[in-house]
Amino acid sequence: MEDQSTFEELSLFDMDDTFSAESGKKLNIVEAEFKESKNVNWEDLFQGFDEMYAITYSSGIDFISRVLPNFKYAEIIFGCETVLEDNVAMVMSVQFSQLKFISKHKSANKIASRMEEGSLKLFVSREIKSHEKIYILKSDDGRVRVITGSANLSYSAFNGVQRENIICFNDEAAFSNYRELFDEFKEECSDNVEHSCMTRIISNPDEAVDDLIDIVPIAETIKTKKAIILEESENPEYVIVADANNISKDIKKLVPAKDKHGKVILSPSELIKVKRKYKDNRDNKKEAQKRMPILHIDYVQKTMSFNEKECNLNPSPDKIKNNIQLFFEYMDGFEAFSGDVEKNRRNYFLFASWYLASPFMPYLRFVANHNGQDIKQFPVYAILYGESNGGKTAFINLLTKMMCGKKIPVNKSGDFTSTTIDGLKQSCEGLPIVIDDLSKTQYTNHISNVVKYDEWGINEEKLNYPSVAITTNEIPAIKSDISKRTYVCYIDSCLDKDKARANYKKIMNCMKTMTNDFYCEYVRRMLDRISEMVNQMKGADDNYLPDIFAESSATIIEIVKEYTEELPSYMYECQFNDYFGNKAVGRKAIDTIRRAWQFEKDAFEVYTKKNLLEYRIPDNGNIHMLSHINQELPPSLNSQVTSRTLTMDLDGAKEYFGIDFKKSFIDKLRR
């Protein structure tokens, strides 16, 4: 039996995070003197040297690939500045995600080629909280330079796109100091990336996940029995961390638990067990995922796949045009519906603009959460409600077909529970989870538990979980605590049974022949807009308010205008207030009061001196209707319900409902 102390020397994870000012480590300070400040371009800063030793982050692969040709030999350590758990699973996950990030870049093969010839060595950090950015340069003739400060080795940092603190030393003393720090970090806190591992990830990054425990550099460190100590850090590098957290969940449960001393011991023999269990779990997970729709968007490579098959984001113009014509034909079918056809088609377009943009919402919520923005600007819940036979379910089925090219079964009312929704959000990606024909009881019992957890997926860095779309005929009104988190679309038209039979063939033809070519074009263009939104949210402008609805509707219209001669009247550039403004939230209440004013003016009383409008429902009317109206009205109206009467501010009601109650009431008295 081996001695416990031997195991502690093999692999050691000290989880003691006790902090006190007295026990804090001393800081390593470089004492320097200011010489001058000047403007130079990046070429002048890096050119003229033969060797480079750098510590940076992997987000600037484009720039790194431009800098590397300047050097005969280079060593680069990629760090990761983020909040991560201190465990083996997370280190493995981060290292693999960093390599995958690099391997997907267009310069990956050139990087691998230099690794193979020995002129480039890559390392990935296992000291998660390193914030160092150091570039140590040396020439064959003995000249040296050290560049340090806040700048990562990226285009935005070294091309004046953003403010950076860049300090340059051109003396031997600085070179010796920083080279010693570099070598110490390389030896104690990072792992070497083997060329064979990089080529395996480049050739097939998705399949490489199955062999992750063989590929990650830390695995070799464990095999050679080295001790490892990890600490935390901050400031997320969004895409890598999100990917790492998802992978970590598959590994964490397989790693041995802490011993009684609070340490995790992972020997080479334990690593073999972890590898076997990991492979079995991956196989089971793949089998389960085959039954779930996975519409995955890669924000780094700007690609989209459906059930692991990559979608062509440069579809043929003829196919895009055909999709547009099919959508037009479908919308023309609403001519046969009752009610205000144009208004309802505009509402359906609003819903379509949200539905097509819904896969972007989790990513934008994640970025917003880390940059002081309100995540409710990016709603992941929508309710399409109104009259029965209003075409709600069929319209959602069409939108789903537009997104993935397949017919996806909807979920039933009984699936609307927090447990079921959570499970579906864990298993599916991209395509909204559709709860069809939600009952009033199921809505009342579960809506708060499902919707009010605003932070779902943020802590886990989930970027592609599905939104939830609900259709229902039974909900009379949406309370304000739900409507501020949920996009609510009210449809007040319906199709009688005789006309429905005649319309069925047209709907089925559109559904059958619709492909996802229009959506592929939409996603390609939206990804550029999303990148700009993210950059703006991460910028210094506190007044910036992102509007995903404006971007989505503008993209749809932009494409349609390129392929058709005339833009339908129901298509317009929407804004956030069209979805969550007071009039948008109270759309049903507005319609109810306007109809009442048109057909039962006697139910209203106007008190000009008190600035009060009163609406009293008839004795045979539904007393609950007043509460439903009141729930959807904005606080500025000061509305109240007493018995069978609803009162509100007269001047506010005029502006909100678009009716001059005072003038109309006087005209009525004169008659």
For this session: Would you list the pairs meeting ring pair (Phe, Tyr, Trp, His ring centres under 6.0 Å) in which at least one residue belongs to residues 506-539, sequence neighbours left out?
Result: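 Those involving residues 506-539 are Y519-Y522.
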For this session: Taking salt bridge (charged side-chain N to carboxylate O under 4.0 Å, His left out) as the test, write out the residues that go with D422, two or more places apart.
Result: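 Checked D422 against salt bridge (charged side-chain N to carboxylate O under 4.0 Å, His left out); zero matches.
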For this session: Step through the shown structure and confirm whether more than 12 heavy atoms of other residues, nucleotides or ligands are within 6.0 Å of CD on Q640.
Result: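 Counting other residues, nucleotides and ligands, CD of Q640 stays at 12 neighbours or fewer.
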Quiz question: by atom type and distance under 3.5 Å, do the side chains of [X] and [Y] form a donor-acceptor pair?
X: D318; Y: S316; result: no
X: Q377; Y: Q373; result: yes
X: Y355; Y: T400; result: yes
X: D436; Y: T393; result: yes
X: N516; Y: K406; result: no
X: E342; Y: S569; result: yes
X: S553; Y: S353; result: no

For this session: Using the six-membered ring wherever Trp is involved, compare the ring planes of Y579 and F549 and label them parallel, tilted or perpendicular (cut-offs 30° and 60°).
Result: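 Correct class here is parallel.
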Problem set entry | Y299 and Y363 aromatic ring geometry - parallel, tilted or perpendicular at 30°/60° bounds |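 Judged by the thresholds at 30° and 60°, the geometry between Y363 and Y299 is parallel.
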Exercise. So, are D591 and K343 salt-bridged, with charged N and O less than 4.0 Å apart?
Worked result: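 Judged by the 4.0 Å cut-off on N to carboxylate O distance, D591 and K343 do form a salt bridge.
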For this session: Might you work through the side-chain contact (heavy atoms from CB on, under 4.5 Å) test for Y544 and M533, ending with a clear yes or no?
Result: CA-CA 9 Å; Y544 173 68; M533 290 178 71; 3.7 Å; yes
Problem set entry | E335: side chain to side chain donor-acceptor pair (under 3.5 Å) partners, not counting sequence neighbours |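 For E335 the side chain to side chain donor-acceptor pair (under 3.5 Å) partners, ignoring immediate neighbours, are R345.
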